[in-house]
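Comments concern the structure below.
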Amino acid sequence: MRLKREEMVKFIKNNPYGDPINNNLILEAMKKIPRHLFIPNNQRHLAYYNGPVPIGEEQTISQPFIVAYMTELLLLEKDNKVLEIGTGSGYQTAVLSEIAKKIYTIERIPALAKSAKSIFDNLEYNNIITRVGDGSIGWSEMAPFDRIIITAAAPEIPKIILEQLSDNGIFVAPIGTKDRQFLIQIKRKGDKFIKKTFCECKFVPLKGAKGWK
Ligand code: SAH
């Protein structure tokens, strides 16, 4: 598994969608995390292939390359408090957890949240706080966050979530239609929100109050 993992990391380093992934912390985290444990038994042979894999409940674990790319766009710093919306398998959460100080992650499907939590417990990730609920409105009780990442396709940039970003905070999400999105990065500078658009991607839909009905 370790060799396969190293091959996966070599592949994603040369980002075909844009700039190479230069952040060694991300590459090292992905070399270390046993990605196969985040994937159902009958799909584990696909754990180190660069594509999305079904995780049940009609959801997918994102392709490793997009995980690396989104993490790169977040420009994580060690002391960051991060909000992740769409825990899914928990793999992206684990990558965040290796790099940043504290991760808050929300998942709307209880079975997925439960499975991810038990993996975090087994791997002794003790800087992750999980919650079942509608993340399309963020997690206002725990705000502000230095970084916010949505790992499901949002129909538009959710203002209610941007308000939960701290000053100089960074937000990353796929925004677009149900079939096609672009990765968006937004940096907050006081009352200003500076937006940049990156590669095209395809995520499962963000559901809930500010997502798709
Ligand atoms: N980063 C995850 C992505 C999983 S797919 C991984 O790589 O495994 C996106 C996840 O977002 C799904 O599990 C889906 O159930 C969840 N989701 C969709 N809408 C949501 C919402 N409003 N609040 C919380 N989670 C949501």
Side-chain angles (χ1 to χ4, degrees), residues 8 12 26 29-30 33-40 43-44 46-74 76 82-100 103-120 123 125 128-142 145 147-161 164 171-179 181 183 201-213:
M8 175 189 83
I12 60 180
I26 300 174
M30 293 180 79
I33 300 167
R35 190 168 191 271
H36 57 282
L37 298 184
F38 293 83
I39 291 180
Q43 305 281 347
R44 278 196 183 159
L46 299 174
Y48 297 104
Y49 130 95
N50 186 50
V53 179
I55 54 171
E57 311 281 342
E58 297 177 2
Q59 307 302 322
T60 54
I61 178 171
S62 306
Q63 82 186 94
F65 181 63
I66 281 284
V67 171
Y69 196 29
M70 288 181 90
T71 312
E72 174 103 358
L73 293 181
L74 273 179
L76 284 179
V82 184
L83 172 64
E84 180 196 36
I85 297 160
T87 317
S89 66
Y91 178 69
Q92 168 81 72
T93 328
V95 174
L96 299 169
S97 145
E98 289 278 350
I99 303 170
I103 320 299
Y104 292 82
T105 184
I106 314 182
E107 170 56 53
R108 58 179 279 277
I109 300 176
L112 293 178
K114 192 175 164 205
S115 152
K117 173 145 194 349
S118 83
I119 302 169
F120 303 148
L123 294 175
Y125 282 119
I128 301 174
I129 318 272
T130 57
R131 176 183 159 187
V132 176
D134 179 8
S136 76
I137 53 168
W139 192 338
S140 55
E141 300 88 334
M142 296 299 171
F145 300 97
R147 301 290 186 267
I148 301 178
I149 175 173
I150 310 183
T151 63
E156 55 190 36
I157 298 165
K159 290 214 172 57
I160 188 168
I161 294 180
Q164 296 172 27
F171 164 94
V172 173
I175 310 284
T177 63
K178 270 192 184 169
D179 298 326
Q181 308 94 38
L183 283 185
C201 53
K202 189 173 185 327
F203 277 77
V204 296
L206 178 78
K207 302 252 173 101
K210 301 285 173 190
W212 299 95
K213 299 295 169 242

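Counting starts at 1 for both ligands and their atoms, following the listed order. Bear in mind the structure is a predicted one, so any value in this text is a computation, not a measurement. In what follows, every heavy atom counts, from backbone to side chain, and hydrogens, waters and symmetry copies are set aside.
- The N/O atoms of Y91, backbone and side chain alike, include none that comes under 3.5 Å of an N/O atom in ligand 1.
- The nearest protein atom to atom 5 (S) of ligand 1, hydrogens excluded, is given as T60 O, 3.3 Å; this is a heavy-atom distance.
- Near S136, meaning under 4.0 Å from any of its heavy atoms, are these atoms of ligand 1: 22 (N).
- The part of T87 lying near ligand 1 is the backbone, judged by heavy-atom distances below 4.0 Å.
- Taking all atoms of both residues into account, the shortest heavy-atom contact from K178 to K202 is O-NZ, 4.1 Å.
- Only the side chain of V204 comes within 4.0 Å of ligand 1, counting heavy atoms alone; its backbone N, CA, C and O stay farther away.
- Evaluated by nearest non-hydrogen atom to atom 11 (O) of ligand 1, the leading choice among G86, G88, P64 is G86.
- Distance alone, capped at 3.5 Å, is enough to place a donor-acceptor pair between the Q164 side chain and the I160 backbone.
- Taking a cut-off of under 4.0 Å to the non-hydrogen atoms of G133, the atoms of ligand 1 that pass are 23 (N), 24 (C).
- Taking every heavy atom of both residues into account, V132 and A113 meet most closely at CG2-CB, 3.6 Å.
- Formation of a donor-acceptor pair under 3.5 Å by the S136 side chain with backbone atoms of A209 is found in this model.
- Dense packing is recorded around NZ of K213, with more than 12 heavy atoms of other residues, nucleotides or ligands lying under 6.0 Å away.
- Protein heavy atom in closest approach to atom 18 (C) of ligand 1: P205 O, 3.6 Å.
- Across A47 and R35, no two heavy atoms sit closer than the pair O-NH1, 2.6 Å.
- Between Y91 and F38, the ring planes are perpendicular. Angles over 60° get that label, and only those under 30° would be called parallel.
- Counting heavy atoms under 4.0 Å from ligand 1, residue E107 touches it through both backbone and side chain.
- Within the 4.0 Å heavy-atom criterion, neither part of V67 lies near ligand 1.
- Protein heavy atom in closest approach to atom 26 (C) of ligand 1: R108 CG, 3.5 Å.
- The atoms of ligand 1 that sit less than 4.0 Å from any heavy atom of L112 are 13 (O).
- Looking only at protein heavy atoms, the nearest one to atom 22 (N) of ligand 1 is K207 O, 2.6 Å.
- For ligand 1, none of its N or O atoms has an N or O atom of Q92 under 3.5 Å away.
- For ligand 1, the atoms lying closer than 4.0 Å to a non-hydrogen atom of I61 are 6 (C), 7 (O), 8 (O).
- Contact detail for M30 and A68: the closest heavy-atom pair is SD-CB, 3.7 Å.
- With no hydrogens or angles considered, no side-chain donor-acceptor pair links S89 and Q59 at under 3.5 Å.
- L123 has its side chain within reach of P34: a pair of non-hydrogen atoms, C-beta onward, lies under 4.5 Å apart.
- Smallest separation of non-hydrogen atoms from L74 and L96: CD1-CD2, 3.7 Å.
- At distances below 3.5 Å, not a single donor-acceptor pair connects side-chain atoms of R147 with backbone N or O atoms of V82.
- Atom 6 (C) of ligand 1 has its closest protein heavy atom at S89 OG, 3.5 Å.
- Listed here is the closest heavy atom pair of I150 and P158: CD1-CG, 3.9 Å.
- Counting the atoms of ligand 1 from 1 in the order shown, those under 4.0 Å from a heavy atom of I109 are 15 (O).
- Close approach of ligand 1 to G135 is summarised as follows: ligand atoms under 4.0 Å from at least one heavy atom of the residue are 21 (C), 22 (N), 23 (N), 24 (C).
- Counting only heavy atoms of the protein, atom 12 (C) of ligand 1 lies nearest to Q59 OE1, 3.3 Å.
- In D134, the parts holding a heavy atom less than 4.0 Å from any atom of ligand 1 are both the side chain and the backbone.
- At the shortest separation from atom 1 (N) of ligand 1 among protein heavy atoms lies T151 OG1, 3.3 Å.
- Protein heavy atom nearest atom 7 (O) of ligand 1, with residue, atom name and distance: S62 N, 3.0 Å.
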